[in-house]
Number of protein chains: 2
Amino acid sequence: MTKSRQVTIHDVATRAGVAVSSVSRVLSNHPDVSIDMKRRVEDAARELGYSPDPVAQSLRRGSSRLIGYVVRDFATPFFSDVIEGLESVLNSSGYTLLVMNGGGSQTQEIERMTMLKQRRVDGLLLSTVVDSTPKLRKIVSAYDKPVVLIDRDLDNLDIGRTLFDHVTGIKAATNDLVNLGHTSMVLVTGSPDVRPTRERVKGFLEGLMTSPEAMKKSFEITGAFSAAFARKETTAVMTGNPAKRPTAILSGGVQATIGVLESFSELGIRPGRDVALVVVDDLPWLRILRPRISAVSRDAEAMGRAAATMILDQIGGVKPSTIYLPTSYEARDTSSSLEDVMAYRTKMQRK
Amino acid sequence: MTKSRQVTIHDVATRAGVAVSSVSRVLSNHPDVSIDMKRRVEDAARELGYSPDPVAQSLRRGSSRLIGYVVRDFATPFFSDVIEGLESVLNSSGYTLLVMNGGGSQTQEIERMTMLKQRRVDGLLLSTVVDSTPKLRKIVSAYDKPVVLIDRDLDNLDIGRTLFDHVTGIKAATNDLVNLGHTSMVLVTGSPDVRPTRERVKGFLEGLMTSPEAMKKSFEITGAFSAAFARKETTAVMTGNPAKRPTAILSGGVQATIGVLESFSELGIRPGRDVALVVVDDLPWLRILRPRISAVSRDAEAMGRAAATMILDQIGGVKPSTIYLPTSYEARDTSSSLEDVMAYRTKMQRK
DNA sequence: TACAACAGTGCTCGGTGCACC
DNA sequence: CGGTGCACCGAGCACTGTTGT
């Protein structure tokens with residue numbers, strides 16, 4: 001702990017022998033400054049080690065060079081990657097990212113948003129627990145600073161949106177499974193309160209369209225962002241009526257993936273042999289598993305960069321827009337054919 | 001986007017028909033206020049939806065009800081749990097946590113710390129990439145607000161510290177392995193630039209003490225916080241001279257654990273059969289693996305709560321202190337005996 | 001006269017930017 | 001054109017003045 005009051009613009013003015021307002025102009029690159037004046041002020045500032053007080057600047061200007069990001073749960077690998085992307089762009093533009101954890105509660109998220117507004121952030125990024133609620137819509141439309149949604153949706157509002165084209169990836173995966181002969185498939189995923197879940201379900205259904213039988217026998221299970229939920233549901237489905245037991249599972253989101261794999265471990269089910277498996281959102285640590293699990297992936301960091309660029313543009317006066325980033329399916333070892341799965345199952349039954 | 005200038009203390013004063021200074025006194029619980037006055041002001045404030053401007057308050061008071069946390073990498077599960085603990089305590093005390101990512105660079109971390117200071121945070125929490133460097137020591141000792149280190153060390157400074165007793169946990173694990181007959185063990189872990197790594201190495205060495213032979217044949221590999229590093233080192237060790245091949249591995253930290261498991265996957269090594277394994281820091285998704293991996297664990301959330309409580313105390317004037325939280329070892333399926341490992345290895349050799 | 005309970009003034013925090021010279 | 005003075009952002013706080021009891 002030390003004392004020594006920080007040096008203010010007054011000190012610089014005194015040192016340089018000029019008016020406070022002149023110092024301000026020099027430092028904010030105002031055109032009307034003589035070269036001599038500029039030099040004197042800059043010298044004085046450097047000698048005193050002056051740097052403007054951001055709090056005072058915020059108060060006066062109403063802005064802060066701060067960008068807020070309210071996120072559902074930043075421990076999720078996807079979001080940490082987004083944050084990396086955001087920071088890489090924001091930092092190099094002199095902005096600082098303020099990440100606020102939503103704690104899984106819409107109420108808390110709204111508190112955070114209000115808090116950020118009071119602190120005069122220059123822009124707000126959002127990946128909330130729930131989108132499309134009247135409450136959220138109200139807050140967002142009343143926000144007097146640029147807003148950009150990250151993989152979330154809210155119709156008919158003049159705000160920015162950076163979205164993933166979830167449909168394409170999961171549709172490709174579903175099509176592949178259909179081509180491999182599967183008709184009884186289950187998509188286990190998170191909460192339908194957010195766009196990714198809804199789009200994944202949509203993509204899954206579109207993928208089923210090529211096969212009327214698959215359409216009839218396959219279905220999705222949506223619910224909560226929790227491994228426990230996915231585990232329970234998977235176990236229920238895999239231990240139910242053997243005749244109706246799915247031959248392929250798709251898991252959407254980290255928690256769902258963990259839950260599905262937990263269930264498999266407990267039941268002694270090996271993905272790719274007892275059942276085909278595609279995870280939606282690849283995870284770094286999945287590499288430790290053999291066989292290699294098929295996955296749909298997306299570039300979270302790119303999304304972060306896109307969102308950051310977009311909000312900076314909006315701060316600069318550009319009109320809000322919507323952009324889409326791709327998702328892609330990569331078949332690995334667990335995209336096994338219906339034939340192989342059935343062969344294994346009957347072999348087991350005979351034992 | 002909307003307009004409507006925010007309501008200030010003046011508006012409240014006008015509405016209540018009192019002086020601005022009186023409003024200020026009511027809101028800051030000054031003693032000289034009549035019950036009637038208090039009521040009128042509070043009513044007016046509520047009716048107008050007034051809430052004091054935090055930026056203006058910060059400027060005037062020099063404080064902000066903000067606590068900064070500069071963390072090496074908050075995507076690490078350990079840190080996200082710490083953050084949860086921090087927020088639970090801080091939020092209920094009216095403080096807001098500002099998490100800043102260090103990006104793995106000391107330079108950037110120091111920038112963040114300076115930034116937070118300028119923003120007038122009331123306290124600073126630190127889990128940096130490197131501790132004990134003169135540079136960091138200088139900044140910290142010049143910080144005029146309370147500082148609390150989270151699982152980091154910096155000697156002879158009058159600051160708070162919340163530390164894990166890493167030694168006990170890993171020592172117990174090492175002892176167990178020694179008792180299971182192992183003498184050739186390797187600890188693969190992260191960077192020795194931070195306390196946890198140093199303490200783990202220390203605990204490992206203490207655990208080896210009971211066996212002179214183990215002391216001679218076992219060693220540690222420290223380096224970077226990256227899965228790639230751990231993978232490479234593990235592969236080198238496991239494919240080297242068969243006579244010297246370790247019979248037990250301990251991995252310290254998430255990235256090291258991922259790296260070790262990746263290496264095992266690639267080499268077709270199964271933990272608990274080809275080699276004993278203990279991971280230091282349990283991970284939620286490890287549950288999906290069979291056999292169950294033995295682990296040393298610690299309560300990250302409790303650490304967060306402890307650190308938050310400590311910094312609030314310091315803000316309240318309490319002297320900085322140091323507290324320790326325990327770590328514990330739990331033997332699961334991969335704490336296999338030397339005998340079993342050797343039996344499997346010779347069996348393989350004969351094939 | 002003494003005191004409680006305000007009102008009102010004015011300076012402070014650190015800067016910004018417009019009007020004016 | 002170059003530069004200065006000053007009001008202002010929103011609040012905190014100390015101090016004087018006023019009123020009623």
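Computed over heavy atoms, backbone and side chain alike; hydrogens, waters and symmetry mates excluded.
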Scan the side chains in residues 83-92 of chain B for donor-acceptor partners under 3.5 Å anywhere in the protein, sequence neighbours excluded, and list what turns up.
{"from": "Glu87(B)", "atom 1": "OE2", "to": "Arg112(A)", "atom 2": "NH2", "distance (Å)": "3.4"}
{"from": "Ser88(B)", "atom 1": "OG", "to": "Gly85(B)", "atom 2": "O", "distance (Å)": "2.9"}
{"from": "Asn91(B)", "atom 1": "ND2", "to": "Glu87(B)", "atom 2": "O", "distance (Å)": "3.3"}
{"from": "Ser92(B)", "atom 1": "OG", "to": "Ser88(B)", "atom 2": "O", "distance (Å)": "3.2"}
{"from": "Ser92(B)", "atom 1": "OG", "to": "Val89(B)", "atom 2": "O", "distance (Å)": "3.0"}

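- One can place CG of Asn29(B) at 15 Å from P of dA5(C), the figure rounded to the nearest angstrom.
- Val23(A) comes within 4.0 angstrom of no nucleic acid atom, judged by non-hydrogen atoms across all strands.
- Looking at heavy-atom distances under 4.0 Å, Val55(A) makes no contact with the nucleic acid at all.
- Per the geometry, CZ belonging to Arg119(A) stands 13 Å off P belonging to dA11(D), to the nearest Å.
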* Encode nucleotides 15-21 of chain C as B, S and - characters from 5' to 3', where the letter depends on protein heavy atoms closer than 4.0 Å: B to the base, S only to sugar-phosphate, - to neither. => BBB----
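- The separation between Leu59(B) atom CG and dG10(D) atom P is 12 Å, rounded to whole Å.
- dC1(D) is unpaired under the Watson-Crick or G-U wobble criterion, no partner having all donor-acceptor distances under 3.5 Å.
- For dC9(D), neither phosphate oxygen OP1 nor OP2 lies less than 4.0 angstrom from any side-chain nitrogen or oxygen of Ser58(A).
- Between Arg120(B) and Asp53(A) a salt bridge is recorded (basic side-chain N to carboxylate O distance below 4.0 Å).
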Output side-chain donor-acceptor pairs under 3.5 Å for residues 150-157 of chain A, partner residues at least two apart or in another chain, one line each.
{"from": "Asp151(A)", "atom 1": "OD2", "to": "Arg298(A)", "atom 2": "NH1", "distance (Å)": "2.8"}
{"from": "Arg152(A)", "atom 1": "NE", "to": "Thr128(A)", "atom 2": "O", "distance (Å)": "2.6"}
{"from": "Arg152(A)", "atom 1": "NH2", "to": "Thr128(A)", "atom 2": "O", "distance (Å)": "3.1"}

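- With salt bridges taken as basic N to acidic carboxylate O contacts below 4.0 Å, one links Asp43(A) and Arg46(A).
- Atom pair Met37(B):CE and dA7(C):C1' shows a separation of 10 Å (rounding to whole Å applied).
- One atom, CG of Asp36(B), and another, P of dG20(D), lie 15 Å apart when rounded to the nearest Å.
- Using a 4.0 Å cut-off between charged side-chain N and carboxylate O, Arg198(B) and Asp131(B) make a salt bridge.
- One can place CZ of Arg40(A) at 15 Å from P of dG2(D), the figure rounded to the nearest angstrom.
- A distance-only check finds a donor-acceptor pair linking the side chain of Thr197(A) to the backbone of Ser191(A) [under 3.5 Å].
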